[in-house]
Amino acid sequence: MNRDAKNPLSALASMSARAALISAMLACTALTRAWADGPAPPQAQFGGQCAEGLSQGRHVVTNCALTWTDKDGKVYCFSSESARKSFLENPSANLQKARDFIAASSVDSTEKAMQSFDSGDAETVVKSLIDATTQANSGVFPLQDPLNGAQLKLVFDGIDFTRTIDGYGFFPDVKFHDQTEAQKRYLIDFWVAPADGQLKVQEIRIYKEPIKSEGSWTLTARAPVPWWWIPASEHPGHVANKRGWEVMSAVEQGALAEAAKNNGVFKLKDDKTGKVLELEFIDTHQPIRQLDDNGHYFACTDFRAVGTKDQIYDIDFWVTDKDGIMTVEQAKVHKVPELKDGQWVQVPRYEWKDLGSSHVVP
């Protein structure tokens, strides 16, 4: 039997790849990959499109006969030698332009693609995933709790309701209870978005969990709440100043996209030790801050070291807003887990105040 069918978190390794489509490739679904010499190599960035073309605001499919490899080993393709030469005159700036164009196309395409679906369609996708998973697991929906690594065994009770955020997707809120104790109830959010012409699950997050108080179980919202619960409006529209939840969305989409490249593992080189960390995303802290000197947004996140339960890293992300497009520019280790008196605690390497003055983004 297919391993991914048994465990939805294993399946999320492939589902996370769909998040990469949201941030990098959804705008390109209308293109036909007519490669002259076969498909682009698996490591090609932007799906093998011409990097120079993207920096100029155009989608140009290539056969990746002409490439350039950056210092991190990432391969970029070009449609001609002149295109490569032009790109390499200022690779950093041109790469950012290419990423901005892809991101802008992605947001617009997601919003347009959502017009072909409604919340009922999203609920159908979620129910199908739950049905397939529970049938493969003797009626149980297995889910790893990202907070503590516990393996939950849940029973599906139904969908409570579904929220819609234009340009981002649908968010069914699903009711479950613990297999061994029906009073231990959970509300689990499924993030569903269009990709390749159909709706697909991007992420699964625990929204509310059972907390025992005075002998009974109480359903309590987990802090921090997922970013999609923050918008005050179901249809937030476009505003000049970005809000905290939009920054969180950019960070989490970026993290999912990176993890999708490594079978669900987020890899980050520790700038102090040189070690490549293998991490699993937990959540993004609140509030989000904006640096006063350069306008960059600053978000803290929690990641767990793969294969552990309580070795938690605090990873900081710097996000820029260029012409309304949110782009992750840098990720850096902020706090590392160290074993003290038999317990793992986070030890900071620096304080956010060391970065200069900043203010909270509402």
Side-chain angles (χ1 to χ4, degrees), residues 19 22-23 99-100 103-104 106-108 110-111 114 146-147 163-171 173 187 189-191 193 202-208 220-259 266 281-303 312-335 346 348 350-362:
I22 290 181
S23 62
R99 288 171 175 163
D100 288 348
S106 171
V107 172
D108 291 342
T110 301
E111 190 164 350
M114 286 179 63
L147 191 61
R163 303 177 74 241
T164 300
I165 303 179
D166 286 345
Y168 293 88
F170 304 94
F171 303 88
D173 194 35
L187 285 180
D189 287 350
F190 288 70
W191 175 14
Q202 311 297 327
E203 187 179 3
I204 302 175
R205 292 276 294 276
I206 296 175
Y207 169 48
K208 291 187 177 182
T220 304
R222 178 172 285 184
V225 297
W227 63 263
W228 48 79
W229 281 98
I230 302 175
S233 169
E234 294 278 323
H235 305 282
H238 303 282
V239 295
N241 296 320
K242 294 298 180 182
R243 291 161 289 187
W245 70 267
E246 292 176 285
V247 179
M248 295 171 68
S249 172
V251 167
E252 295 187 17
Q253 286 187 15
L256 284 173
E258 280 299 313
F266 182 86
F281 176 75
I282 298 178
D283 56 38
T284 305
H285 301 184
Q286 299 167 29
I288 303 299
R289 305 190 73 87
Q290 186 176 23
L291 300 176
D292 294 330
D293 63 342
N294 55 23
H296 290 185
Y297 296 93
F298 181 73
C300 297
T301 62
D302 280 336
F303 283 80
I312 310 299
Y313 286 82
D314 185 316
I315 307 297
D316 290 346
F317 286 79
W318 281 260
V319 181
T320 59
D321 180 6
K322 295 184 178 180
D323 298 324
I325 307 302
M326 304 300 290
T327 303
V328 174
E329 276 203 346
Q330 181 185 10
K332 186 177 180 180
V333 177
H334 179 188
K335 299 178 182 178
Q346 287 186 333
Y350 60 88
E351 300 294 337
W352 60 263
K353 296 178 180 179
D354 297 336
L355 304 175
S357 62
S358 63
H359 60 275
V360 171
V361 179

Under 3.5 Å, is there a donor-acceptor pair between the side chain of [X] and the main chain of [Y]?
{"X": "Thr327", "Y": "Thr320", "value": "no"}
{"X": "Gln290", "Y": "Gly295", "value": "yes"}
{"X": "Asp292", "Y": "Ser358", "value": "yes"}

From Asp189 CG over to Glu203 CD, what is the distance, rounded to the nearest 0.5 angstrom?
-> 9.5 Å
Look up atom CG in Asp302 and atom NE2 in His285, then write down how far apart they are to the nearest 0.5 Å.
-> 3.0 Å
By side-chain contact (heavy atoms from CB on, under 4.5 Å) - contacts of [X] (at least two apart):
{"X": "Pro224", "answer": "Asp283, Gln286"}
{"X": "Gln330", "answer": "Trp318, Lys332"}
{"X": "Asp293", "answer": "Leu291"}

With a 4.5 Å limit on heavy-atom distance, are the side chains of Tyr168 and Gln253 in contact?
-> yes
Those residues that, when tested against Arg289, pass salt bridge (charged side-chain N to carboxylate O under 4.0 Å, His left out) (two or more places apart) = none
Would you please name every residue forming a side-chain hydrogen bond (donor to acceptor under 3.5 Å, both in side chains) with Asp316, sequence neighbours left out?
-> His334, Tyr350
Quick one: sort the Phe171 and Trp191 rings into parallel, tilted or perpendicular, breaks at 30° and 60°.
-> parallel
Apply ring-ring contact (aromatic ring centres under 6.0 Å, His included) to [X] and list each qualifying residue two or more places apart in sequence or on a separate chain.
{"X": "Phe303", "result": "Phe266, Phe281"}
{"X": "Tyr207", "result": "Trp229"}
{"X": "His296", "result": "none"}

Show your reasoning for whether side chain to side chain contact (heavy atoms under 4.5 Å, CB included) applies to Ile230 and Arg243.
-> CA-CA 10 Å; Ile230 302 175; Arg243 291 161 289 187; over 6 Å; no
Could you walk me through whether Glu246 and Tyr297 pass side chain to side chain contact (heavy atoms under 4.5 Å, CB included), step by step?
-> CA-CA 11 Å; Glu246 292 176 285; Tyr297 296 93; over 6 Å; no
Walk me through it: do Ile315 and Val333 pass the test side chain to side chain contact (heavy atoms under 4.5 Å, CB included)?
-> CA-CA 5 Å; Ile315 307 297; Val333 177; 3.9 Å; yes
